[in-house]
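Below is one structure, written out as structure tokens; the observations come after it.
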Amino acid sequence: MKYDFRRIEKKWQKRWEEEKTFAATLDESKKKFYALIEFPYPSGEGLHVGHPRPYTAMDIIARKRRMEGYNVLFPIGFDAFGLPTENYALKNKVHPAAVTKKNIARFTEQLKMLGYSFDWDRVVDTTDPAYYKWTQWIFLKMFEKGLAYKASMPVNWCTSCKCVLANEEVVGGVCERCGSEVVRREKSQWMLKITEYADRLLDDLDELDFIERVKTQQRNWIGRSTGAEIVFDTTAGDKLRVFSTRPDTLFGATYMVVAPEHEYVTKWMPLLENAEEVEAYRAAAARKSDFERTELSKDREKTGVELKGVRAVNPATKQEIPIFISDYVLASYGTGAIMAVPGHDTRDWEFAKKFGLPIVEVVSGGDVTKEAYTDCENGVLVNSGFLNGMSVPDAIKAMTQWLTENNLGREAVNYKLRDWVFSRQRYWGEPIPIVICPKCGYVPVPEDQLPLELPYVEYYETTDTGESPLAAMTDWVETTCPKCGGQARRETDIMPQWAGSSWYFLRYTDPHNDRELASRKALEYWMPVDWYNGGMEHTTLHLLYSRFWHKFLYDIGVVNTKEPYLKRTSHGMILGEDGQKMSKSRGNVINPNDVVNEFGADTLRLYIMFIGDFEKTAPWSTNAVKGCKRFLDRIWNLAEKPISGPETYSAANEVIIHRTIKKVTEDIESMKFNTAIAQLMTLVNAFYDSPPSRGDIKVLLELLSPFAPHIAEELWEIQGFKGMACQAPWPEYDASKMVEEMREIAVQVGGKLKTTVTVRNDASDDEMLQAALADEKIKKIVEGKEIVRTITVKNKLINIIVR
RNA sequence: GCCGGUGUGGCGGAACUGGCAGACGCCCGGGACUUAAAAUCCUGUGAGGGGCGACCCUCGUACCGGUUCGAUUCCGGUCACCGGCACCA
């Protein structure tokens with residue numbers, strides 16, 4: 001009989017579903033394991049061939065853990081709010097809810113086709129009011145604690161999506177999603193105070209088992225720097241505050257620069273001799289989009305205008321110094337103003353050169369007439385009064401202390417991380433449950449009125465005014481104030497897509513709870529997530545946001561762990577057969593349905609894991625897929641007829657079986673799926689040389705089961721083994737049975753490999769030497785020469801040095 | 001510019017903690033089976049050179065140099081590519 005994967009795969013998927021083989025139960029007598037993948041966005045295109053890579057990887061781990069006796073939670077859901085669905089709905093004049101429903105059905109079917117061991121009774125859908133009720137609830141808790149606030153500020157505005165974007169969603173000055181130009185707009189927005197958690201998000205990384213590049217990226221994104229805040233007096237009477245990581249260089253501050261948007265610029269305008277020029281520069285800076293700012297920032301020549309009429313006083317030298325505005329100083333970082341130390345800061349140096357400003361050396365070691373000297377390790381302070389002769393670190397301490405004592409400044413910390421812009425002016429998202437009352441201000445919708453559902457309308461359109469389409473839905477917008485009962489309006493902005501995914505892993509622990517987001521009992525049993533695999537592209541978005549929400553929920557006593565995820569790993573992208581990123585326009589897209597139809601789900605699973613190093617990008621190869629199918633065919637041919645005899649390993653295969661168990665067991669843990677499969681192939685090749693016993697076949701099926709579960713199950717049944725393969729205990733190896741009695745060692749003469757000889761296992765140095773010298777070839781080489789020394793590595797090699 | 005990563009046959013990729021480079025798979029060649037083809041099975045396959053021959057020699061892990069009995073692995077330098085950040089004071 002032929003390996004009929006179509007029949008087999010359907011059969012076992014049905015059995016698993018009917019018998020709820022993979023249902024997770026809250027059983028405190030068993031040790032738990034929570035395996036998590038990033039739930040998909042159910043796009044109209046259906047499952048992409050990139051999806052199965054992380055899914056199969058975690059499915060293998062989840063299946064192995066079950067076989068190891070763990071109670072495993074391996075859930076799936078849908079992150080279904082979002083722009084593509086809304087845009088598709090607008091274009092085709094259907095409701096986004098209907099589109100979502102259809103897409104989820106399609107994704108579900110495709111995921112089931114791949115035989116993943118998800119617990120299908122725990123599916124969550126972020127667009128389900130029973131789910132987003134709790135997304136809104138968390139928002140209200142944040143509002144209550146002052147972490148959600150409304151602020152008017154310049155925001156990133158995507159000209160095509162007609163919507164505000166978070167900093168994290170702007171990539172290289174353009175919209176991450178559509179690639180259109182992003183401009184700055186002043187808008188009133190809901191914000192979440194993620195910066196309040198910056199220190200904890202940074203410091204707690206140390207204890208987590210995240211791959212290093214994830215940690216590094218999060219650290220860089222948070223961008224903590226320590227230094228001092230320094231106050232400069234001005235001739236206008238106002239005090240100008242700056243942040244500096246190098247307070248030691250204060251004696252070298254020869255001018256100051258403020259951002260064009262700085263409030264003092266407006267304030268001082270009447271005092272300025274060149275007000276017109278300043279105003280013009282300001283207007284020009286405001287017109288620039290983020291795209292222009294970043295594009296041009298590379299080696300851009302510094303521009304700026306002096307504020308003539310106001311000067312600052314260097315608190316260390318007591319000298320008056322000029323103040324400039326320039327767009328190389330960012331309004332959004334620090335205090336929006338800097339002290340410029342051209343001798344020791346590259347940007348200040350360039351600016352000073354251009355404007356002919358004095359460059360004073362205050363740290364010796366370089367040549368400040370040629371370039372800024374920024375070395376912090378070797379420099380010694382000069383021209384700096386009481387700091388002279390100190391090293392940079394000492395001078396930083398001394399200056400900070402001096403500033404504090406004289407009330408001119410203090411130690412300060414700054415972050416690159418900005419608060420999270422949480423408003424979107426679209427329809428398909430969670431409504432922000434706030435009522436705007438002319439008397440009471442921002443009033444939360446009472447908890448018992450949650451969920452605040454999206455109004456269902458047949459037709460709506462985005463607006464050009466920057467308002468949400470919800471604003472036009474008068475019946476919904478007009479309401480009464482929950483506090484005073486007076487006439488009021490609802491907030492019409494919705495939450496960003498990241499809201500629903502910031503806590504979904506908590507819902508999986510207790511998905512049908514209508515009284516809490518999840519019961520304390522379920523959270524205590526299942527949390528934290530033991531292993532979370534996902535894309536690198538979410539490192540500074542979803543991964544950071546969800547850590548933030550989790551920490552907040554910890555603070556208010558909802559969850560019992562400080563961090564949501566113990567371990568985070570990441571997979572590489574799958575490229576097209578041409579080595580290019582898969583895209584419709586390139587015509588190199590592989591559809592998983594086609595692969596499954598032609599070769600079967602087991603083959604696809606196996607190939608996607610065999611394709612290469614899990615962490616690296618890898619190009620698709622249809623030929624290599626065939627190789628994986630061939631491998632399964634070979635297994636089928638070995639086991640399609642019942643083998644009789646005892647369930648013990650055959651003598652001929654025993655050594656390789658133990659080695660394979662060890663290798664597969666360890667490789668799955670380190671996500672080296674490609675070498676685990678290679679080892680299984682080696683084992684099968686060995687079975688072709690020495691026909692496998694009943695026990696040999698059994699262990700092969702056990703090891704194969706996480707990778708290719710359907711064929712493993714079918715052959716398991718054919719062989720008449722008990723239960724299901726996926727429920728068998730994970731096999732164990734015996735290290736003492738992994739070695740042959742005799743082994744081959746390498747023989748080198750003078751470090752060069754000459755031949756190999758066979759010695760008994762664990763042979764002594766002398767035995768190895770005698771065996772080597774007994775070899776005809778070595779004899780000839782060594783003849784007439786003096787053996788100076790020999791180097792041996794047990795069971796590996798002997799190196800003979802001759803003269 | 002800064003941070004992180006990668007560079008190995010025709011291709012995807014292996015190689016523990018410094019110890020036989022190229023596991024496994026693909027492609028390709030040879031053979032068996034077949035009327036034939038496909039499938040399957042067996043077998044060869046880094047490059048160059050020598051021998052009728054079982055075999056032998058030389059070179060080879062981006063490039064240059066170093067440490068070492070021995071380097072894909074460690075150190076210094078160079079180049080290329082990929083990812084992230086980007087005037088962050």
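Chain identifiers are assigned alphabetically (A, B, ...) following the order of the sequence lines, protein sequences preceding nucleic acid strands; residue numbering begins at 1 within each chain. Just so it is clear, the structure is predicted and the values come from calculations on it, not from any experiment.
Legend: residues meeting side chain to side chain contact (heavy atoms under 4.5 Å, CB included) with K239(A), ordered by chain and number and at least two apart, are V231(A), D233(A). N685(A) pairs by the side chain to side chain contact (heavy atoms under 4.5 Å, CB included) definition with R634(A), not counting sequence neighbours. Here F5(A) pairs with Y3(A), E9(A), K629(A) under the side chain to side chain contact (heavy atoms under 4.5 Å, CB included) rule; sequence neighbours left out. Here F355(A) pairs with F324(A), F351(A) under the ring pair (Phe, Tyr, Trp, His ring centres under 6.0 Å) rule; sequence neighbours left out. With sequence neighbours excluded, the residues satisfying side-chain hydrogen bond (donor to acceptor under 3.5 Å, both in side chains) with R282(A) are T266(A).
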Is there any protein nitrogen or oxygen under 3.5 Å from a nitrogen or oxygen in nucleotides 16-18 of chain B, and what are the pairs?
from: C16(B); atom 1: N3; to: K796(A); atom 2: NZ; distance (Å): 3.3

Within the sub-3.5 Å range, which N or O atoms of nucleotides 51-56 of chain B have a protein N or O partner, and how far apart are they?
none

Show the atom names and distances, to 0.1 Å, of all donor-acceptor pairs under 3.5 Å that link a side chain in residues 209-217 of chain A to residues at least two apart or in another chain.
from: K215(A); atom 1: NZ; to: L205(A); atom 2: O; distance (Å): 3.2
from: K215(A); atom 1: NZ; to: L208(A); atom 2: O; distance (Å): 2.8
from: T216(A); atom 1: OG1; to: E212(A); atom 2: O; distance (Å): 2.8

List the atom pairs, with distances to 0.1 Å, where a side-chain N or O of residues 569-578 of chain A and a protein N or O form a donor-acceptor pair under 3.5 Å, not counting sequence neighbours.
from: T569(A); atom 1: OG1; to: W531(A); atom 2: NE1; distance (Å): 3.0
from: T569(A); atom 1: OG1; to: N533(A); atom 2: OD1; distance (Å): 2.7
from: S570(A); atom 1: OG; to: G534(A); atom 2: O; distance (Å): 2.6
from: S570(A); atom 1: OG; to: M536(A); atom 2: N; distance (Å): 3.2
from: H571(A); atom 1: ND1; to: N533(A); atom 2: ND2; distance (Å): 3.0
from: E577(A); atom 1: OE1; to: T622(A); atom 2: OG1; distance (Å): 3.2
from: E577(A); atom 1: OE2; to: T622(A); atom 2: N; distance (Å): 2.9
from: D578(A); atom 1: OD1; to: Q580(A); atom 2: N; distance (Å): 3.0
from: D578(A); atom 1: OD1; to: N588(A); atom 2: ND2; distance (Å): 3.0
from: D578(A); atom 1: OD2; to: N588(A); atom 2: ND2; distance (Å): 3.4

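The partner of C27(B) is absent, by the rule that a Watson-Crick or G-U pair needs both atom distances under 3.5 Å. The nucleotide C79(B) finds its pairing partner in G7(B), both defining distances of the Watson-Crick or G-U wobble pair being shorter than 3.5 Å.
The stretch residues 337-345 of chain A touches RNA chain B through I338(A), each having a heavy atom within less than 4.0 Å of the strand.
Judged as a salt bridge (charged side-chain N to carboxylate O under 4.0 Å, His left out), not a single pair has a partner in residues 742-757 of chain A (not counting sequence neighbours).
Judged by atom type and distance alone, Q748(A) reaches the base of G19(B) through a side-chain donor-acceptor pair under 3.5 Å.
One finds a side-chain N or O of R630(A) lying less than 4.0 angstrom from the OP1 or OP2 phosphate oxygen of C27(B).
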Counting primed atoms, P, OP1 and OP2 as sugar-phosphate and everything else as base, the B/S/- map of nucleotides 6-14 of chain B against protein heavy atoms under 4.0 Å is S-----BSS
